[in-house]
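Contents: one structure, followed by commentary.
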Amino acid sequence: MYSVQSISMASMRSHRNIPETKTGSITPEERRATYRTIAGLAIPTFGQLIASPLFVMIDTAIVGHISDSALAGLSIGSTVVLTTVGLCIFLAYGTTSQVARLMGAGRRREGMQAGVDGMWLAFVIGLVVCPVLLALSRPICSLMGARGPVLQAAQTYLNALVFGLPAMLLVYAANGIFRGLQKVKITLVAAVSGAILNTALEVLLVFGLHMDILGSGLATLIAEWAMGLFLTIPALVWARREGAQLRPRLSGMAASMGDGFPLFLRTLALRVCLFMTVVAAAHLGEQVLAAYQGVNSAWNFGLNMLDAVGIAGQSLVATELGAGQRSRARVMTDLSAKAGMAMGVLVGLVMIALGLFAAPLFSPTPAIRSLITVGMIVQGVFMPVAGWMWALDGILIGAGDYRYLAATCSLTAVIYLIGLLGMTALAMSWTPTWRIAMLWAVLNVLFIGVRAICNGWRTRTDVWMGTIGQVKEA
C-alpha cells in the first residue's frame, strides 16, 4: 500500500466535497460523501496496483493451455518476481508519503524533487537486483521445489521476465508523483493499456510463434517496459516544469528511503509467508501447484481492489490526524473498514463465480479445473475478513505506525509458518481436493486472521493516532 500522510484538510474537502463538522460525529450526508470519496480515490488508485498481478493473471490464463508443467512452472517463476518486487515496494511508501506531504504544504518543487529521487532509487535497485536473480534463477526455483519440466519452465519464465524489474519498480515510484499531483487517472490508463498489449503479445508469441512459456515471459517483459516509459516520461516532464533536478542525487535517494526499514521488515515477513505457501503447494503435487497458481493469480488481482479501498481510507484518516481531529479520524476509520468489508464481499462473490464458471480459462485439465474451483470458493468465503483487515492495514500505514506493523506481521509469519508446516505434513495422506482446500483455509485463518485481530485491536486504542511525522527537507 501507499502511504498518504498529510494532505491538507482544506485541500481534501475542497476537492472531494466532504462537509466539515466541529465534532467527531458524522451526519448522514457526510457519511454518503465519505463513501463517494473513497470510491473516487479507490477506482483510479486500483490502476496503480494491478499492473504486475494483472499481467501474471493473463500469463496464467494463457500458459495454462500449454501444459500442466508449464502452469506449475509459472507459479514458481512469477512468485519469485512478485516477491522481489514486493520486497522493494517499500521504496514507494516513503516516496509517496514525502511527495504528498510536500504538495500539501505547498512546496511543489521539493515534492517533485522527492518523487524524482524516489524514481532514481527504484531504478538503481532494479538494475542491481536484475543480474543477481538471473544468476540465481535455477537454484531459487529448485529450492522452491520445482523439478524436471516444472523447473525448466520456471527458469525460462523467470529469466525472460527478470529484465523487466527496473520498469516494474519505476512504475511504483512514479505513482508518488502522480498522487501528489492528483493525476492518478493516468495510472489506470497505463494499467489497461499494458494489459491489452500484454494479452496481444502473449497470443502472438505463445500461440502464433509457438514460443510457449518463453513467449509469455517476453510478452510481459515488453508490456512492463512500455508501461514504465508511459508513466516515467510525463512524470519527469511535470517534475521539470516545477524546477526539480532530473539528475540522480545521492542525498535525495537516501532521504527517499524514509521509514523504509520497519516497512521492509513488515513486507519481508509477509512475503516469506507467501513464498513458503508456494513451496508448500509444490510439495503437495504438480496438480495442486498448478491449481494454486490459477487461484493465486485471481486472488492477487482481488487483493489489489481491497488495497485500493485501504489507500483511499488512509488518505482520509491521515488528513484528520494531521489536523488533530482524532474523533473524526476514528469515525473515518470505521467507515473505511466497513467499505473494505463491503468490497471484500463483492470480490468474494466474484471469486466464487469465477471458480464455478470460469475455471476452464486457467486450465484444460479437468482435475486442475476442479481444484481451482475448490480454491476459489474457499478464498471467496474469507474475502470479507480480508477486506476489513486490508482497510485497517492501510490506515495504520497512513498513521505511520510502522513499528507495530513490523512486529505484528513478524508474529503472524511465525504463527502461519508453523501452521503451514504442520498442515503440509498431514496433507500428504489427503486427496488433492482436501490439500488445496486446507492450503487456502490455513492461509486465510492464520495469515489473514491473525493480522485482522492485531489490526482490529490496535485501532480500538488511541496509541496509533500519534503525531504524523513532519515534512522533511527535500
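Going from atom OH of Y416 over to atom CD1 of I448 covers 9.5 Å, rounded to the nearest 0.5 Å. Rounded to the nearest 0.5 angstrom, L229 CG and W225 CH2 are separated by 6.5 Å. Atom SG of C141 and atom CG of L136 lie 10.5 Å apart (nearest 0.5 Å). To the nearest 0.5 Å, atom CD1 of residue I436 and atom CG of residue L284 are 8.0 Å apart. We find the CG-CD distance between D117 and E110 to be 11.5 Å, quoted to the nearest 0.5 Å. Residue L446 holds its CG atom at 10.0 Å from CE of M423, rounded to the nearest 0.5 Å.
Within the 4.5 Å cutoff, no side-chain heavy atoms of V162 are placed close to those of T84. Between V80 and M144, the closest side-chain pair of non-hydrogen atoms falls below 4.5 Å. Residues L303 and V347 fail the side-chain proximity criterion, which asks for heavy atoms closer than 4.5 Å. Here the side chains of P262 and L405 are not in contact, with every heavy-atom distance at 4.5 Å or above. You'll find the side chain of T333 reaches within 4.5 Å of the side chain of W464, heavy atoms only. Annotation: side chain of L158 is in contact with side chain of V81 (closest heavy-atom distance under 4.5 Å). The closest side-chain heavy-atom distance from L306 to M383 is below 4.5 Å. Looking at L392 and M389, their side chains never come closer than 4.5 Å, going by heavy atoms from C-beta outward.
T459 contributes a side-chain N or O that, together with a main-chain N or O of G456, makes up a donor-acceptor pair within less than 3.5 Å. Looking only at distances, no side-chain donor or acceptor of R458 sits under 3.5 Å from a matching main-chain atom of I453. In terms of modelled atom types and a separation under 3.5 Å, the side chain of S297 and the main chain of G294 share a donor-acceptor contact. Although no hydrogens or angles enter the test, the distance criterion places no donor-acceptor pair under 3.5 Å between the side chain of N198 and the main chain of G194.
A pairwise comparison of heavy atoms in V345 and P384 identifies CG2-CG, 3.7 Å as the closest pair. Closest approach of A413 and A269 over heavy atoms only: CB-O, 3.8 Å. Listed here is the closest heavy atom pair of A281 and L439: CB-CD2, 3.9 Å. Heavy atoms only, all atoms of each residue included: A122 and L170 are closest at CB-N, 4.4 Å. Here the closest heavy-atom approach between residue I352 and residue G380 is recorded as CG1-CA, 3.9 Å. Among all heavy-atom pairs drawn from V278 and S75, the shortest one is CG1-OG, 4.0 Å.
Salt bridge status for R266 with D401: absent, with no side-chain N to carboxylate O gap under 4.0 Å.
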Step-by-step side-chain hydrogen bond (donor to acceptor under 3.5 Å, both in side chains) determination, T277 to Y292: CA-CA 9 Å; T277 303; Y292 171 85; 4.9 Å; no
side-chain contact (heavy atoms from CB on, under 4.5 Å) assessment of F447 paired with L420: CA-CA 10 Å; F447 181 70; L420 182 67; over 6 Å; no
Worked verdict on E224 versus T220 for side-chain contact (heavy atoms from CB on, under 4.5 Å): CA-CA 6 Å; E224 290 283 6; T220 303; 4.1 Å; yes
From CA spacing to verdict: side-chain contact (heavy atoms from CB on, under 4.5 Å), N455, W388: CA-CA 10 Å; N455 289 352; W388 183 74; 5.9 Å; no
Full working for side-chain contact (heavy atoms from CB on, under 4.5 Å) between L270 and R451: CA-CA 10 Å; L270 300 181; R451 292 172 64 197; 3.7 Å; yes
